[in-house]
**Q** 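First the structure, which I've put down as structure tokens, then a few questions once you've had a look.
Sequential numbering from 1 along the given sequence is applied to the chain's residues.
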Amino acid sequence: MQGALTRYRIIAWIVGVCLLALVVVGMPLKYLGDNDTVVATVGPAHGFLFMVYLVLTFDLARRAGWAFPRMLLVMAAGTIPFLSFWAERKVSRVWIPAELAKSPV
């Protein structure tokens, strides 16, 4: 499960940074500055990376034995700026250690 957690943590940060770049830099440039370069380049990359995020979140949820609502909550966290960072912290510091403590080694 450690490998799945590491993959999830990496993609959560990447998706979070891409989303922030879109919202904080790209959207103001597009709508206030008539320059859609950032949106045109980061947008498709974020879309692809978000799909990877969903797959890796599903993989982690399956390995950790999460309930469906928890998995959906973590997946949805990638759609709101800053929330993917909170979800990554919650998953890696609270939920996964609790799962590891329950399972026999």
**Q** Quick one: pull up CZ in Arg9 and CG in Leu56 and give me the separation to the nearest 0.5 Å.
**A** 14.0 Å
**Q** To the nearest 0.5 Å, how far apart are CH2 in Trp95 and CG in Leu73?
**A** 5.0 Å
**Q** For the residue pair Val91 and Leu5, what are the closest heavy atoms and their distance?
**A** CG1-CD1, 4.0 Å
**Q** Considering residues, nucleotides and ligands other than Phe58, do more than 12 of their heavy atoms fall under 6.0 Å from its CZ?
**A** no
**Q** If you take all heavy atoms of Ala61 and Met71, which pair is closest and at what distance?
**A** CB-CG, 3.6 Å
**Q** Specify the closest pair of heavy atoms between Tyr53 and Ala77, including all atoms of both residues, with the distance to one decimal.
**A** OH-CB, 4.1 Å
**Q** Please name the pair of heavy atoms, one in Ser84 and one in Gly16, separated by the smallest distance, quoted to 0.1 Å.
**A** OG-CA, 3.2 Å
**Q** Say whether Val74 and Trp86 are linked into one hydrophobic cluster, either directly or through other cluster members, by side-chain heavy-atom distances under 4.5 angstrom.
**A** no
**Q** Distance from Trp66 atom CH2 to Thr57 atom OG1, nearest 0.5 Å?
**A** 7.0 Å
**Q** Hydrophobic clusters here meaning ILVMFWY residues chained together by side-chain heavy-atom distances under 4.5 Å, can you tell me if Leu22 and Val25 are in one?
**A** yes
**Q** Do you reckon Phe48 sits in the same ILVMFWY cluster as Ile11, going by side-chain contacts under 4.5 Å, direct or chained?
**A** yes
**Q** Kindly determine whether His46 and Val15 satisfy side chain to side chain contact (heavy atoms under 4.5 Å, CB included), including the steps that lead there.
**A** CA-CA 6 Å; His46 171 70; Val15 166; 3.6 Å; yes
**Q** So which heavy atom on Val23 is nearest to which on Pro81, and how close?
**A** CG2-CG, 3.9 Å
**Q** Look up atom CG in Leu60 and atom OG1 in Thr6, then write down how far apart they are to the nearest 0.5 Å.
**A** 10.0 Å
**Q** Using 0.5 Å steps for rounding, measure from the CG atom of Leu100 to the CE atom of Met1.
**A** 4.0 Å
**Q** Quick one: are Leu32 and Met27 in side-chain contact, heavy atoms under 4.5 Å?
**A** no
**Q** Are Leu83 and Met75 connected in a single hydrophobic cluster, I mean Ile/Leu/Val/Met/Phe/Trp/Tyr linked by side-chain heavy atoms less than 4.5 Å apart?
**A** no
**Q** Atom CG of Leu72 and atom CG of Leu54: how far apart are they, to the nearest 0.5 Å?
**A** 10.0 Å
**Q** Give the cluster check for Tyr8 versus Phe68: same hydrophobic cluster or not, with ILVMFWY residues linked at side-chain heavy-atom distances below 4.5 Å.
**A** yes
**Q** Which atom pair, heavy atoms only, marks the closest approach of Pro44 to Val39?
**A** CD-O, 3.7 Å
